[in-house]
Amino acid sequence: MDGHTPGQPGEGGPEPPPPRAAGIRVLKRNMKRSGSRNCLSQKSCLGSREREWLREDPNRGCVYVYAADQASSVPDLHVVLCTVDTSALEICASEGKEGLYVQLNGDLVRKLDPQERPLHMIYTYLADLGFQDASRIQEEAAYSDLSCMIRFYSEKPSPLEQLDRILLSGVFNVRKGKTQLHKWSERLVVLCGTCLIVSSVKECQTGKMHILPLVGGKIEEVKRRPLCLAFCSAEAQAPTYHISFDSPADYQRWHRQATKVVSQRLSTVDLSCQSLEEVPEHLFYCQDITSLNLRHNFMQLESPGGVNSLCRFSQLRVLNLSHNKLGEFPLQICEIPNLTELNLSCNRLSQLPAQIGQLLSLQTMILDGNSLTSLPEELGCLQHLSTLGLSFNDFSNIPKVYEKLCSVEKLCMAGNCVGMLSLQMLNNMPHLKHIDLRMNLLRQVMGGSMECIKHITYFDVRDNRLTELDLSCLGSLEQIHCERNQLKELKLCGFSLRAIYANSNRLTSMTVFVAPALLASADLSRNCLASVPEWVCESKKLEALDLSWNLLTEVPLRLMCSQSLRKLAVGHNQLKSLPNPVENISLDTLDVQHNSLSHLPDALFSMALNLRFLNASANFLETLPSASYEEDTISQLQVLYLTNNQLTDQYVPVLTEHLNLRILHLAFNQLDTFPASKLHKLEELEELNLSGNRLRTIPSTVSNCKRLHTLSAHSNCITVFPEIFNLPHIQLVDLSCNSLTEILPPETLPPALHELDLKGNRDLALTHQLLDIFSHISILKIDHKLFPNADLAAPNTPWRHGLTEMSGQRNKLCISSLAVGDFAGGVEALYGMFDGDRNEEVPRLLQCTMGDVLLEEMQQSSSDRTFMCHTFLVSHRKLGMAGQKLGSSALLCYIGHGAADHNSGFSLTVANVGSCKAVLCRNGQPLSLSRVFCLEHCPEDLLKIKEQKAIITEDNKVNGVTCCTRMLGCTYLHPWVRPRPHVTTVALSVQDELLILGNKSLWEYVSPEEAVKAIRHLPDTLAAAKKLCTLAQSYGCPDNVAALVVFLNVGEDACTCEMHTLTLPNPPGSNSTKESPDSATPSSSSGIASEFSSEMSVSEVSSEVGSTASDEHAMAGLDCGVIPRTERRCSLHPIPSAGTFQRQPSCATFSSNQSDNGLDSDDELQAEGIITNGSRVEVEVDIHCSRQQTPEVPCTSTVHGPEDDSGGIFVQILQQNSLNHKSSSLLSQEKDDMPPTMSGSCMYRKKHSNGSVVPLEEILNLIEVASEAPKRKTGYFSAPSQMDPDDQFVVPPQLQHEVREQLGEVELAAQDKISGHEEFDTAL
């Protein structure tokens, strides 16, 4: 152990006191809790001397020790400086404490053994997370917010709610009996388990005790005496105790807990998840206890109230000791004679004792999640044992003792190491009916040709390594599960067969001997079947059949005409036609999507009278069959998906024959119009999707669809806003990517409307009245450019993006996205997607923090793999308490220059955990850059999880929580689920066309090949993202779906070099439209900067709108002409420089405290486009420093000063005078030095107190950018009257001659073109 101790924190402080133990320093810190859910407001409370001492040796570190009682007067946090060899005993000696306690992931608290090493535990925990460098592990351990994952206490914390569950005690006035003749006496009263214990105060342990069983009794309030309860037992002639409490708080606690006890039918005590090491002593007085739950504790074997003392409960029948890490089987349990159910799961047991044979009454024994390899022969004596759980152990064979367990019907051995199964062995166990061998190592099942085995009815071999399976000898088999193997051939016996689940294999043939007359359900999807097996058509009771994702070319007519078949799924095959039924069929659900159908059977609707669901999306349908029903027959069709076909207006009238339609999807067809008279008939319509067509209007008769709640018509040519404001149930309206120009203000909004999407309508101008009305909509998506005269220049970056998030059929959106087109203020980009599955809190936290974390990590490491990995691990830590029980999949894509050479081309670094996925389109072909971390796709992670004895449920979820093996958050699942990401880096080239980020739901329904083919030729990124999400929903996705599409253009055609002139934009009133940049940042709705929350007032919305036009007068008054500037280089050909370009976070904030009219006291005219609502407008600006030298440019508004060698600040100034519009000189600045937008990242865009946020890309005529901006007394910011001498442009001597020549050419060009047509340089 190192004996060196550091000094006092800070410089010049007093010398620290000597340490209490060798090599240990204790620093007392009284940390104040912050109001947020993060652990502490301070990250580290170490001084410079402490940090210097730590850096001397990576085996040194600090341990934060918290007090159990946070309300005590002593400091609640001690910082112990020690080494990895320091034991808990030494730390306790230095602190004067009896023990040290540890809490993992906010869960249970256990006492450390004296020889355990706390700092070594922390370092091991961090290394297990994914940190590899020793110095970085030491640095991470110094952060106090790590305590949300691992925390040490000097005393055991005992929350009041936890103590109430274990034991209630106190000294109160007690009266025995109901009559007034009995006197009140002071007694010690204890409520523990199922009994009320009353004893003398002085002789509580040695004197007489009165024990009153409460199960089935009564708890009554005594009306004549306040704060008094009467406790009555269910036993005959049992006394009644009246207890008078001293305070209302005690009265409520006792009444609440006692009510729970008396309401039980059985004498059950639940002490699970209480961090117990032994049961309370008073509990042993409750001799009526029949069920005791001690799951998830730290029960000791030999302590006075430990596991070996549980035999004192003579009536105990059910005992749960799972998740206690006992290490060995407690022998004393074998002495409980009446025990019928015993659960010892997850206790690290390696063997069972022979004394287990004494539990003759045992009926159920659960031993899952241990390390057992064999069972004792004495177990065969338990003839009443009917359930034996051995899942997730280390058995390599089926124990022979099963032959003696005649009452056991289920073989539960999932998650073991069985490599071969002999059916002959099962034949020797005639009592077994249920075989569960999923997630083993099975490669072969032998004995398929033997005689008939009649006792097995259920057979489960999912997730093994079988290539062929012959179970034709199982004559009584009713249900088989063999999903996710590598089966090419499957043989079954059909005598008793009722259900087959064989999806996700490689089946080319499947044989069932004797047609399965009882078969009701068959799932054969995701195989290689070229034709429908003959036995399928002969199944007379088949109700559900899934043959999707195969190689079928036809569907037999007799299968379609089956009178029993209700559900048929044949999507994703090679069907060119369907058989035409000649008689009535019983189909209720028909899925034929993703085939090559050009038409549907003519008699489909007339013969399928019960058809309610039809999905024929992604075909080549040009026609639709007519529904010629009889007069007394009405179509039952309710859901119709026809997306991505070739339907025209001609067949729209056919749809109106289905009057019961509730959901209609006609997206991405060739519709030009939708007749108003036809839509009027669909009165039951609830969801209508007409996106991706050529519609110019939505019929006015849509107002007659009173049940309509969702209308999606994006990516059309709609010019008139539909009449939807009088629909009472409308919730979502998507009219993005259309040609809307105006919206008439409605009198009132529909009460249920919570989302309105108007993005992508470039000519749409929203008035102040509309903004006021729309401010009550929870999610309002509009473009940045809200006024015709607020045109903005698109940033000159080799990429542009579009984002779409849809909640689907779920009520809330649990996906957040990050889209920063100019990350860190340069020609870099950051895109991310976070899917919380069922929670929205963690995705939002990651959306707001991961960009900042990445920027910090990039400053510490130049290795893309290192800084990406550390970004995920640090973000995992920063989730704090929110990440203990909740988690999220995360995907992060960073585009930048190569780490080694900043002058090289662009590279793409992708990191992910969970199920989100990124796909790069290269030469028209998809290239997957992510890895899906789930149990089905990660065999190595599955093997580790099995080795660590996690329980994987039948729905393939770790402990029944998540199917992901790696994710951010869910720290309580450590070490089974980890945050270490998969990192991939590729160099971008001219062959790379686009990048797609999607969550799990998107890629489940839209393959990468189809996604690339669907959007690679679209010109608009938002429309591309919309199309992907719409396709996923039309293909059957019911969950949240999100897509982020990035169009790449990193070839030579993106070069903007040799552009030495800049022309100004057209004055207001001229016809000029330019695309507004679209950056998605954290917001209150779905992460899009243009979305507004209902919590924002109309003034806040208006202030954000008005801030986009800071001074139209000055810009309109500038003379039209060419402005000289320095040579511009694009990101592909940067100017060579000796210095390194460094970016710093925002350090200047410009605020405008406006008066009532929104004008400065010196202004006589209001700037055009600014809203006078009295709100505060704040603009946040980055200051970028560079060491590279820049050619000097003469300018009337620039004053030259001495050169600063330490790196100057480039300043851009526009002289403004709202009264006298004269020509002004304009200094243009490098695109790489000043980003066009700061709102693309959460680091540079913040929501202020009034909710207004002004992205810089929307301020074309920004007054100035400076490190220290002068302000007037009124709070306004204005340009300085004189230039600061430090604001200068320095031209090196070797470039002065070249600069003069270039400026001369610019002046000549300006004189020649002063009256010519203007061109605006969008690359600036």
Side-chain angles (χ1 to χ4, degrees), residues 104-105 107-108 128 270 272-273 293-299 318-327 329 341-350 352 364-373 375 387-396 398-399 408 410-418 434-442 458 460-464 481 483-484 837-838 884-887 914 933-967 969-978:
L104 293 178
N105 309 310
D107 200 2
L108 303 185
D128 199 34
D270 186 2
S272 61
C273 306
N293 186 0
L294 294 172
R295 181 186 66 87
H296 205 19
N297 284 289
F298 299 105
M299 295 295 296
V318 179
L319 177 60
N320 189 344
L321 285 170
S322 61
H323 294 86
N324 273 276
K325 302 179 181 179
L326 297 176
F329 191 95
E341 183 176 336
L342 176 62
N343 192 335
L344 288 171
S345 301
C346 303
N347 275 293
R348 302 176 180 176
L349 304 180
S350 58
L352 296 182
T364 300
M365 182 164 61
I366 310 298
L367 298 170
D368 300 338
N370 286 290
S371 301
L372 299 174
T373 57
L375 296 179
T387 301
L388 177 60
L390 298 176
S391 298
F392 298 96
N393 280 275
D394 296 331
F395 290 97
S396 58
I398 298 177
V408 175
K410 293 184 178 181
L411 176 67
C412 302
M413 292 187 61
N416 280 275
C417 305
V418 179
H434 186 114
I435 307 297
D436 183 3
L437 290 172
R438 60 186 177 91
M439 287 189 173
N440 274 270
L441 305 177
L442 281 176
Y458 180 94
D460 191 347
V461 288
R462 280 175 284 182
D463 298 286
N464 279 281
H481 284 271
E483 304 100 302
R484 294 180 295 277
D837 191 20
R838 298 293 175 179
Q884 290 177 348
K885 302 298 182 182
L886 304 177
F933 287 102
C934 64
L935 294 173
E936 300 176 4
H937 297 88
C938 295
E940 64 277 9
D941 284 358
L942 174 61
L943 182 61
K944 291 180 180 179
I945 291 174
K946 289 172 59 178
E947 290 175 352
Q948 292 160 350
K949 303 307 175 185
I951 302 299
I952 302 175
T953 54
E954 291 191 5
D955 55 353
N956 260 17
K957 291 186 177 181
V958 181
N959 279 11
V961 177
T962 176
C963 61
C964 296
T965 60
R966 300 189 193 184
M967 63 191 309
C970 280
T971 56
Y972 79 106
L973 292 178
H974 179 85
W976 307 309
V977 179
R978 308 186 187 192

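As a basis for the values below, the full set of heavy atoms in this structure was taken, side chains included, without hydrogen atoms, waters or symmetry mates. Just so you know, these numbers come straight off a predicted model, no measurement behind them.
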Asker: Looking at every heavy atom in both Ser371 and Asn393, which two are closest together, and how far apart are they?
Answerer: N-OD1, 3.4 Å
Asker: Indicate yes or no for a side-chain donor-acceptor contact from Asp368 to the backbone of Ile366 under 3.5 Å, with no hydrogens or angles considered.
Answerer: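 No; zero donor-acceptor contacts below 3.5 Å.
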Asker: Does anything in residues 943-952 form a salt bridge (charged side-chain N to carboxylate O under 4.0 Å, His left out)? List the pairs, not counting sequence neighbours.
Answerer: Asp394-Lys949
Asker: Between Asn440 and Val418 (side chain of the first, backbone of the second, donor and acceptor by atom type, cut-off under 3.5 Å), is there such a pair?
Answerer: yes
Asker: Let me confirm one number: the NE2-CZ distance from His323 to Arg295, rounded to the nearest 0.5 Å.
Answerer: 7.0 Å
Asker: Drop me the distance from Gln884's CD to Leu104's CG, to the nearest 0.5 angstrom.
Answerer: 10.5 Å
Asker: Taking Asp941 for its side chain and Leu943 for its backbone only, find out whether a donor-acceptor pair lies under 3.5 Å.
Answerer: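 Flag not set: sc Asp941 to bb Leu943 has no pair under 3.5 Å.
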Asker: For Thr971 versus Asn105, what's the shortest heavy-atom pair and its separation?
Answerer: O-ND2, 2.8 Å
Asker: If I take atom CG from residue Leu352 and atom CG from residue Leu367, how far apart are they, to the nearest 0.5 angstrom?
Answerer: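 So the CG of Leu352 and the CG of Leu367 are separated by 5.5 Å.
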Asker: Between Asp837 and Thr962, is there a side-chain heavy-atom distance shorter than 4.5 Å?
Answerer: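 Side-chain contact under 4.5 Å: no.
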Asker: What are the two closest non-hydrogen atoms of Asn956 and Met439, and how far apart are they?
Answerer: OD1-CE, 3.0 Å
Asker: Between the side chain of Asn347 and the main-chain N/O of Lys325, is any donor-acceptor distance below 3.5 Å?
Answerer: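 Yes: the side chain of Asn347 pairs with the backbone of Lys325.
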Asker: Tell me whether Asp460 contacts the main-chain N or O of Leu437 through its side chain, where contact means a donor paired with an acceptor under 3.5 Å.
Answerer: no
Asker: Does any part of the side chain of Val461, heavy atoms only, come nearer than 4.5 Å to the side chain of Asn464, both counted from C-beta?
Answerer: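 Side chain of Asn464 against side chain of Val461, heavy atoms only: contact under 4.5 Å found.
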Asker: Okay, side chain of Asp107, backbone of Tyr972: is any donor-acceptor separation there less than 3.5 Å?
Answerer: no
Asker: Please tell me whether Asn293 and Asp270 have a donor and an acceptor in their side chains that are separated by less than 3.5 angstrom.
Answerer: yes
Asker: Hey, are the side chains of Glu936 and Arg484 touching, using non-hydrogen atoms and a 4.5 Å cut-off?
Answerer: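 Yes - at least one pair of side-chain heavy atoms lies under 4.5 Å apart.
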Asker: Roughly how far apart are Ser272 OG and Leu108 CG, rounded to 0.5 Å?
Answerer: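 Atom-to-atom, Ser272:OG and Leu108:CG are 9.5 Å apart.
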Asker: Donor-acceptor pair, distance only, cut-off 3.5 Å: does the side chain of Trp976 make one with the backbone of Gln948?
Answerer: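 Answer holds: yes.
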Asker: Is it true that a side-chain atom of Asn416 and a backbone atom of Met413 form a donor plus acceptor pair closer than 3.5 Å?
Answerer: yes
Asker: Do Asp463 and Arg438 sit within salt-bridge range, that is, some charged N less than 4.0 Å from a carboxylate O?
Answerer: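 A salt bridge is absent here (no side-chain N lies under 4.0 Å from a carboxylate O).
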Asker: Just by distance, do the side chain of Asn343 and the backbone of Leu321 share a donor-acceptor pair under 3.5 Å?
Answerer: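 No, because the side chain of Asn343 does not come within donor-acceptor range (under 3.5 Å) of the backbone of Leu321.
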Asker: If the condition is ring-ring contact (aromatic ring centres under 6.0 Å, His included), which residues does Tyr458 pass it with, not counting sequence neighbours?
Answerer: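 Tyr458 satisfies ring-ring contact (aromatic ring centres under 6.0 Å, His included) with His434, His481 only.
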Asker: Which heavy atom of Phe329 sits nearest to which heavy atom of Leu349, and what is that distance?
Answerer: N-CD2, 3.6 Å
Asker: Which pair of heavy atoms, one from Gly914 and one from Cys964, lies closest together, and at what distance?
Answerer: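 Scanning both residues completely, I find the closest heavy atoms to be CA-SG, 3.9 Å.
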